[in-house]
There are 2 protein chains.
Amino acid sequence: MADVAAAAGVSLSTASLAFSGNKPVSEETRDRVLAAAGALGYAGPNPLARNLRRGRSGVVGVAVGRLSTAFRDPAALPMLDAVSEVLDAAGLGLLLMPHGDEHAGLPLDAVIYDICGCETWGPYDDLVARGVPLVVVEGPAWAGATYVDVEHRRGAADVARHLHDLGHRRVATLTLDSSHPQREREAGLREVFPDAEVIGPCDSDLVAAQLAVGAWWDRGGEATAVVCQSDVQAAGVVLEARRRGMDVPADLSVAGFDGVATPWLDVELTTVVQPLAEKGRATARAVLSRIAGEVADDVLLPVRMRVGGSTGPAPSTV
Amino acid sequence: MADVAAAAGVSLSTASLAFSGNKPVSEETRDRVLAAAGALGYAGPNPLARNLRRGRSGVVGVAVGRLSTAFRDPAALPMLDAVSEVLDAAGLGLLLMPHGDEHAGLPLDAVIYDICGCETWGPYDDLVARGVPLVVVEGPAWAGATYVDVEHRRGAADVARHLHDLGHRRVATLTLDSSHPQREREAGLREVFPDAEVIGPCDSDLVAAQLAVGAWWDRGGEATAVVCQSDVQAAGVVLEARRRGMDVPADLSVAGFDGVATPWLDVELTTVVQPLAEKGRATARAVLSRIAGEVADDVLLPVRMRVGGSTGPAPSTV
DNA sequence: CGATAGCATCGAAACGATTCGATCGAAACG
DNA sequence: CGTTTCGATCGAATCGTTTCGATGCTATCG
């Protein structure tokens with residue numbers, strides 16, 4: 001930039017102002033600087049230097065598990081999409097941080113922990129030591145972090161009540177690996193069905209759910225309704241039930257969670273609809289606040305049960 | 001760091017060496033520096049300053065469309081996962097660049113264009129002016145970029161021959177928006193079926209495919225086989241065909257592309273299996289080479305047709 | 001017409017590291 | 001014992017900006 005300034009016959013500081021526009025520069029001077037830049041093939045201020053000066057990198061990390069697993073669940077995308085949209089508008093980029101701490105050397109302005117079952121991570125000590133703002137989505141409590149969460153417990157309780165109203169008394173649940181949302185949801189379920197049987201934990205994956213519930217039936221499991229922790233799991237249960245000759249919802253009611261689209265399934269799932277986009281926006285807003293040095297309030301978003309065709313009256317034969 | 005050096009009674013340069021290990025430092029000195037750092041709550045060298053010195057940000061951008069659409073297709077994930085794995089190992093982070101140029105101010109060491117239908121973008125002039133290495137996946141030709149691609153044309157031709165061998169003569173194809181891969185694949189198809197009818201372009205989305213092929217049938221479209229540009233599209237066609245009382249493959253053969261898992265479909269698709277992970281690794285390797293200042297050769301990866309149960313002999317009644 | 005604003009410009013000091021070349025002992029060598 | 005070598009340490013330059021405070025200079029005001 002010094003060369004450009006020299007070529008334009010102005011000082012370095014003026015050239016800088018011509019590019020950044022942080023202070024008024026006469027039209028004529030700006031044009032002269034820009035022309036000189038063009039002639040010299042100067043592409044504008046070096047972002048690295050700017051970042052050093054500003055003390056900001058313009059990059060926000062988002063901790064996900066392995067990409068292929070984190071995004072397999074269709075609920076992850078609308079959320080991340082909304083995050084990205086808000087951050088983009090603020091000129092911030094989103095850096096993927098798959099499990100691992102290879103990213104210790106990168107300059108991050110903030111980090112989002114979207115807990116896709118990454119309960120065990122713990123915040124990177126390095127980030128905490130550096131004072132990098134942390135925003136935790138659906139996560140356990142970490143000191144100093146801002147929280148964004150949805151009403152897992154209430155959603156699960158709503159579903160449980162719905163099933164109870166339909167006459168179900170023998171309910172089983174397919175769980176996720178132990179995590180904050182899982183614990184909350186199980187608590188919600190147990191408000192209504194204290195003795196609900198746990199089929200076992202499995203990933204939010206169609207085949208995994210089929211295998212898990214199939215194995216449970218094989219070893220004699222019985223229930224008139226299965227409550228799942230994601231719509232993908234629920235779809236797996238529906239498919240496996242049918243494969244075994246059961247009708248949904250006549251013989252078995254199945255409930256999901258998330259409220260994502262499953263167009264390849266011919267029945268609309270009864271589920272708990274999360275405001276995924278709003279969750280993402282709230283997360284991004286929290287990030288922006290924290291970066292700006294403000295305190296950001298924790299956010300708890302409401303959920304809404306949606307009754308679909310996958311749940312129905314309990315079969316009277318039980 | 002100056003404070004730490006002072007506290008440890010060494011010079012700034014020595015303190016720097018103690019942290020980076022770029023030159024030998026006596027064990028005792030290092031311990032003293034680290035101890036001083038701990039006492040002063042210094043979390044290590046500031047990445048922004050390091051980046052400025054090094055002239056590297058450690059961040060690689062990956063241009064995708066909107067996240068929700070880019071990752072909806074299950075083929076995108078294994079690819080990106082592999083990219084991320086290789087880059088992580090090299091200490092580089094992956095920055096998502098959704099469509100738009102808000103990312104102009106970010107310091108990127110290289111940019112990957114994974115052309116998910118983002119044909120129209122053009123490389124950011126800014127990046128080119130800055131001399132940022134570009135790696136284009138399945139893209140059109142841009143001067144100076146390194147290319148990674150798969151044998152779209154050959155894969156499509158293999159599928160076409162397979163159908164021809166099965167006796168099909170009336171073949172239609174569901175396309176993607178015009179793009180390099182789409183053009184290549186259509187060329188492959190036309191090697192065997194020069195007159196194949198185009199049903200129309202649609203996103204690689206289940207519902208979109210159902211609607212597109214459904215509308216085509218509604219307006220009198222006829223074919224014994226439909227060649228699709230992704231497995232998701234193919235699944236949509238299978239579902240829609242069945243909804244209309246056709247049997248797959250007895251009445252209609254359907255072929256996909258990509259070779260991803262569709263466990264919710266009860267028929268294994270005939271498809272063209274792409275080496276997705278290898279594509280990702282090759283891409284990442286190209287990025288690393290280019291960042292290192294080396295020239296990176298273009299890569300063309302082989303594909304393999306996999307015959308599944310979605311294609312069969314042409315019905316004799318046509 | 002003199003004092004006061006206000007605008008454009010400039011010089012110089014950060015921002016926080018890395019790294020080149022020089023210095024200084026001590027060990028190794030003949 | 002004199003000389004070379006090597007490892008540890010240091011000082012200073014550098015990376016490329018942004019921005020604070022100062023300096024003219026020209027309108028504005030009374």
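Below, chains carry the letters A, B, ... as their sequence lines are ordered, and counting in each starts from 1. This structure is a prediction, so every number in the text was calculated from the model and none was measured.
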Atom-pair distance ([atom1] on [X]; [atom2] on [N]), nearest Å:
X       : N      : atom1 : atom2 : value
A:Leu17 : D:dG21 : CG    : P     : 15 Å
A:Arg53 : D:dT18 : CZ    : C1'   : 4 Å
B:Arg56 : D:dC15 : CZ    : C1'   : 14 Å
A:Arg54 : D:dT17 : CZ    : P     : 13 Å

Between B:Arg290 and B:Thr146, do the side chains contain a donor N or O and an acceptor N or O under 3.5 Å apart?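 Their side chains do contain a donor-acceptor pair, which is all the 3.5 Å distance test asks for.
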Quick one: do the B:Ser230 and B:Asp258 side chains pair a donor with an acceptor below 3.5 Å?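 Side chains of B:Ser230 and B:Asp258: no pair found under 3.5 Å.
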In Å, rounded to the nearest 0.5 Å, how long is the span from CD of A:Glu138 to CG of A:Asp149?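 It is 5.5 Å, given to the nearest 0.5 Å.
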Using 0.5 Å steps for rounding, measure from the CG atom of B:Asp81 to the CG atom of B:Leu276.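 Here the rounded value is 11.0 Å.
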Close aromatic pair by centroid cut-off 6.0 Å: B:Phe19 and B:Tyr42: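 Distance test on ring centres: under 6.0 Å, yes.
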Measure centre to centre between the rings of B:Trp142 and B:Tyr113, then say whether the value is under 6.0 Å.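 So the answer is yes for these two rings.
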Choosing from D:dT19, D:dT17, D:dT14, which nucleotide comes nearest the side chain of A:Tyr42?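 Between D:dT19, D:dT17, D:dT14, the one nearest the side chain of A:Tyr42 would be D:dT17.
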Base, sugar-phosphate or nothing for B:Ser26? Non-hydrogen atoms, less than 4.0 Å.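 Sugar-phosphate, no base atom in range.
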Touch check for A:Asn22, heavy atoms < 4.0 angstrom, all strands: base, sugar-phosphate only, or nothing?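 Sugar-phosphate: the residue A:Asn22, judged by heavy atoms under 4.0 Å, touches backbone atoms but no base.
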Salt-bridge criterion met for A:Arg185 and A:Glu151 (N-O under 4.0 Å):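 Here A:Arg185 does not pair with A:Glu151 in a salt bridge, since their nearest N and O are not under 4.0 Å apart.
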Does the structure show a Watson-Crick or G-U wobble partner for C:dC29, both distances under 3.5 Å? Name it, or say none.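 Partner of C:dC29: D:dG2.
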D:dG24 pairs with, by Watson-Crick or G-U criteria that keep both distances under 3.5 Å: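 Matched D:dG24 with C:dC7 under the 3.5 Å cut-off.
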Please compare B:Ser16 and A:Leu52 by the position of their nearest nucleotide in DNA chain C and report the one closer to 5'.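 With B:Ser16 and A:Leu52 compared, the 5'-side residue is A:Leu52.
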Please identify the 5'-most and 3'-most nucleotides of DNA chain C with any atom under 4.0 angstrom from a heavy atom of chain B.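 With heavy atoms of chain B under 4.0 Å away, the range is C:dG16 to C:dT19.
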If you assign B:Ala49 and B:Leu12 each to the DNA chain D nucleotide with the nearest heavy atom, which residue ends up on the more 5' nucleotide?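 On the 5' side of the pair lies B:Leu12.
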